Enquirer: 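Input: one structure, supplied below.
This structure is a prediction, so every number in the text was calculated from the model and none was measured.
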Amino acid sequence: MAYRTIAYAHALRAHLRDVDPLPSIKPYLEREEVDALAHARNVPAQMLYRMGRRLRDACERGWIHPFHFPALDASLTEMTDIQGGCERIKNTPLPPAYTYLTHKVVMG
């Protein structure tokens, strides 16, 4: 799960920059998992979904104590909320006045 979380951070970064996230996550995931993510429109969201499924499977197998599962699941939910907030910020258009002001400040 640690490597998946690292890969998720790289995938989210690339997704928000409109760059292909697959090259940045290859060092952290197995080839089969990267191949499965290749067809996803939103790779970070698909990764969170897959992490949630693996977490549930681990709990059902007894690898995770039932008292720890809600905290881990809440972490995935929080990551989903943060991703949604970042995507909303990215897709919010700037009013022309802010664009003009930013251009004037940067260009002098």
Enquirer: Looking at every non-hydrogen atom in both residues, tell me the closest pair between H10 and I25 and how far apart they are.
Expert: CB-CG2, 4.4 Å
Enquirer: Could you tell me the separation between the CG atom of D57 and the SG atom of C59, rounded to the nearest 0.5 Å?
Expert: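 If we round to the nearest 0.5 Å, D57:CG and C59:SG are 10.0 Å apart.
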Enquirer: Which value, rounded to the nearest 0.5 Å, describes the distance between E33 atom CD and K26 atom NZ?
Expert: 14.0 Å
Enquirer: Between L72 and M1, is any pair of side-chain heavy atoms under 4.5 Å apart?
Expert: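 L72 vs M1: side chains apart.
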Enquirer: Please round to the nearest 0.5 Å and tell me the distance separating atom CD of Q83 and atom CZ of R88.
Expert: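 So the CD of Q83 and the CZ of R88 are separated by 10.5 Å.
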Enquirer: Who are the side chain to side chain contact (heavy atoms under 4.5 Å, CB included) partners of A36, not counting sequence neighbours?
Expert: R50
Enquirer: Go through the structure and list residues passing side chain to side chain contact (heavy atoms under 4.5 Å, CB included) with H39, not counting sequence neighbours.
Expert: none
Enquirer: Minimum heavy-atom separation for S24 to A11, with atom names?
Expert: OG-N, 4.5 Å
Enquirer: Considering all heavy atoms of both residues, which atom of Y28 and which atom of Y3 are nearest to each other, and what is their separation?
Expert: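 Here Y28 and Y3 meet closest at O-CB, 3.5 Å.
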Enquirer: Any sub-3.5 Å donor-acceptor pair from N91's side-chain atoms to E87's backbone N or O?
Expert: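 Flag set: sc N91 to bb E87 pair under 3.5 Å.
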Enquirer: Out of curiosity, R4 CZ to L76 CG, how far, rounded to the nearest 0.5 Å?
Expert: 11.5 Å
Enquirer: Under 4.5 Å between any side-chain heavy atoms of L48 and P44, yes or no?
Expert: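 No. Closest side-chain heavy atoms not under 4.5 Å.
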Enquirer: Any chance you could lay out the side chain to side chain contact (heavy atoms under 4.5 Å, CB included) test for M51 and T5, step after step, and finish with the verdict?
Expert: CA-CA 9 Å; M51 286 168 44; T5 304; 3.9 Å; yes
Enquirer: If you round to the nearest 0.5 Å, how far is CD of E60 from CG of L55?
Expert: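 Result: 10.0 Å between the selected atoms.
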Enquirer: Please enumerate all residues that pass side chain to side chain contact (heavy atoms under 4.5 Å, CB included) together with A58, with sequence neighbours excluded.
Expert: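 Applying side chain to side chain contact (heavy atoms under 4.5 Å, CB included) to A58 gives W63, I64.
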Enquirer: Counting only heavy atoms not in R13 (residues, nucleotides, ligands), do more than 12 fall under 6.0 Å from its CZ?
Expert: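 Yes, CZ of R13 has more than 12 neighbouring heavy atoms, counting only those of other groups under 6.0 Å.
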Enquirer: Any chance you could lay out the side chain to side chain contact (heavy atoms under 4.5 Å, CB included) test for H15 and V43, step after step, and finish with the verdict?
Expert: CA-CA 8 Å; H15 176 73; V43 172; over 6 Å; no
Enquirer: Checking side chain to side chain contact (heavy atoms under 4.5 Å, CB included) for the pair L12/M79: CA distance, chi angles, key distance, verdict?
Expert: CA-CA 10 Å; L12 180 59; M79 290 166 67; over 6 Å; no
